[in-house]
Amino acid sequence: MFENLGERLERSFKILKGEGKITEINVAETLKDVRKALLDADVNYKIAKSFTETVKAKALGQNVLTAVKPSQLMVKIVHDELTQLMGGSSVDINIKGAPAVILMSGLQGSGKTTFSGKLALMLKSKKNKRPLLVACDVYRPAAIDQLKVLGTQIDVPVYTEEGNKNPVEIAQNAIKEAKAKGNDVVIIDTAGRLAVDEQMMNEIAAIKEAIQPQETLFVVDSMTGQDAVNTAKEFNDRLNFDGVILTKLDGDTRGGAALSIRSVVEKPIKFVGTGEKMEAIDVFHPERMADRILGMGDIVSLVERAQEQFDEEEAKRLQKKIAKNQFDFNDFLGQIQQIKKMGNLKDLASMIPGVGKALKDVEIDDNAFKGIEAIIYSMTPEERSNPTILNGTRRTRIAKGSGTTIQEVNRLLKQFEDTRKMMRMVTQNQGKLKLGLRK
């Protein structure tokens with residue numbers, strides 16, 4: 001997402017490279033290109049025009065310090081304005097209530113049902129909540145079945161009323177059920193349509209009026225571009241929702257919806273969906289998104305994802321094994337599982353400054369670890385624990401068992417040994433550093 005916009009903006013800033021100072025002429029030339037880049041990314045025309053006018057006013061009002069090049073200053077101003085355009089700062093979800101009720105709205109196909117499951121899992125795992133999912137789409141049986149499957153997958157109860165065609169009644173009964181069973185968050189998945197219609201709007205407005213939710217969220221498929229902004233406005237006019245959810249940000253989308261929605265409806269983007277996995281949900285941080293658009297990466301989000309998978313006790317155990325050169329294939333496999341849980345590999349790589357641009361045309365398969373896992377799973381428990389016993393005969397057997405070649409097995413063993421040596425070296429250096437500090 002935003003790759004093309006980021007590239008176009010970078011080219012725009014090059015106009016100022018080599019310039020000694022900011023002038024009205026070179027700023028106008030740069031911003032003409034910036035505005036075109038925004039429009040190509042499907043940003044609303046009025047917003048793109050207003051954005052570039054604001055940047056121009058700020059750029060011409062700045063004295064360029066000798067230590068700062070005009071292009072660097074322009075990047076800083078555009079970064080700050082992009083951040084403001086997308087909301088300035090992240091806005092948390094309101095889950096105060098007994099129970100807190102969250103009403104999901106949006107068109108059919110926007111990812112509303114899937115996101116309900118993702119939100120339930122996030123609140124359960126990160127906020128220690130006991131969510132209840134509620135199936136209020138009485139028109140599409142597949143939506144009820146989908147919610148049941150998701151509920152089973154994430155171990156969250158799902159409230160349904162087979163045969164009841166009154167969504168208001170179902171929602172009210174679900175809240176009573178939550179109070180009785182001790183569920184402290186109720187997430188209500190509602191019906192969508194292929195387009196906005198009066199019946200749908202009346203129905204969801206009636207549900208909101210009846211249950212008075214703490215949060216009403218509008219879920220929108222970011223791949224629908226400018227249509228997403230128009231739909232958001234129509235929903236907001238009727239529902240006065242509290243926040244926006246952008247789904248499918250990992251897809252081939254131009255990103256204009258994310259840049260436009262906040263300005264048009266004046267409601268914050270609260271979460272984004274970044275993949276198909278149930279864990280693929282991120283709090284929306286405008287500043288971090290601006291960093292990524294401008295190719296600065298997003299190290300903070302990368303570290304946060306790593307910390308979510310980080311187990312302090314496991315880390316201490318591993319450090320001891322590494323120090324004694326006992327790191328084995330069981331540990332190696334565990335590290336792979338943790339990386340996979342962090343999300344889409346290309347998305348993770350794009351969070352590292354400079355790497356996203358380098359990998360623009362490189363396809364990173366999320367199944368990249370499959371071959372490695374197949375080789376490790378083809379080893380006996382003894383071989384995983386003690387890789388030094390892997391002689392030629394054993395390697396041949398492992399290659400056959402994993403459907404790989406002897407060369408691939410040898411390559412993995414060499415990479416594993418190199419990794420083990422490097423990890424031990426780092427651990428030893430850390431030990432020496434601590435010893436030096438004590439002295």
Side-chain angles (χ1 to χ4, degrees), residues 1-16 22 27-62 68-91 220 222 225-226 228-229 232 243-244 246 249-250 253-272 274 282-302 347 350-354 356-357 360:
M1 185 210 175
F2 287 130
E3 285 174 356
N4 292 335
L5 176 58
E7 275 183 31
R8 290 292 306 275
L9 289 176
E10 188 181 349
R11 286 205 298 270
S12 303
F13 300 138
K14 281 180 181 175
I15 295 169
L16 282 170
I22 282 180
V27 163
E29 195 180 347
T30 301
L31 291 179
K32 181 182 175 184
D33 219 44
V34 168
R35 183 161 64 181
K36 193 168 187 308
L38 292 170
L39 292 173
D40 286 347
D42 216 10
V43 174
N44 178 283
Y45 174 77
K46 289 180 182 176
I47 293 169
K49 186 171 184 287
S50 170
F51 177 85
T52 49
E53 284 172 355
T54 304
V55 171
K56 181 180 178 181
K58 291 193 175 180
L60 293 175
Q62 294 267 5
V68 181
K69 295 176 183 175
S71 58
Q72 292 172 334
L73 181 62
M74 185 62 84
V75 170
K76 168 76 168 64
I77 294 169
V78 169
H79 176 275
D80 291 347
E81 287 309 306
L82 278 174
T83 302
Q84 288 306 311
L85 184 65
M86 293 185 285
S89 58
S90 61
V91 178
V220 62
S222 59
Q226 204 54 52
V229 182
V244 178
L246 283 176
L249 278 193
D250 57 320
T253 169
R254 290 181 287 175
L259 296 176
S260 303
I261 281 181
R262 175 66 175 80
S263 295
V264 172
V265 299
E266 296 184 345
K267 296 293 169 66
I269 300 168
K270 294 202 171 186
F271 295 99
V272 290
T274 56
D282 286 335
V283 173
F284 185 78
H285 294 275
E287 186 172 5
R288 297 184 197 177
M289 188 58 78
D291 285 345
R292 294 181 72 175
I293 292 171
L294 295 173
M296 299 173 185
D298 185 2
I299 289 295
V300 178
S301 292
L302 184 60
D347 184 49
S350 72
M351 293 181 181
I352 304 167
K357 184 183 171 186
K360 176 185 173 290

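Count residues from 1 along the sequence.
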Can you sort out the partners of [X] under side chain to side chain contact (heavy atoms under 4.5 Å, CB included), two or more places apart, ordered by chain and number?
X	answer
Ser90	Val283, His285
Val264	Ile47, Val229, Lys233
Thr54	Ser50, Lys58, Glu81

>> Test of understanding: with side-chain hydrogen bond (donor to acceptor under 3.5 Å, both in side chains), list the residues that count as partners of Gln84, not counting sequence neighbours.
In response: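 Testing Gln84 for side-chain hydrogen bond (donor to acceptor under 3.5 Å, both in side chains), a comparison that skips the adjacent residues, returns none.
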
Heavy-atom closest contact ([X] atom, [Y] atom, distance):
X	Y	value
Pro286	Thr83	CB-O, 3.5 Å
Phe284	Ile269	CB-O, 3.4 Å
Leu85	Phe51	CD2-CD1, 4.1 Å

> How would you list, by chain and number, every residue that makes a salt bridge (charged side-chain N to carboxylate O under 4.0 Å, His left out) with Lys49, sequence neighbours excluded?
Replying inline: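 Counting only residues at least two positions away or on another chain, Lys49 forms a salt bridge (charged side-chain N to carboxylate O under 4.0 Å, His left out) with Glu53.
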
>> My understanding is that only residues two or more places apart in sequence, or in another chain, count here; which of them pass salt bridge (charged side-chain N to carboxylate O under 4.0 Å, His left out) with Lys270?
In response: Glu215

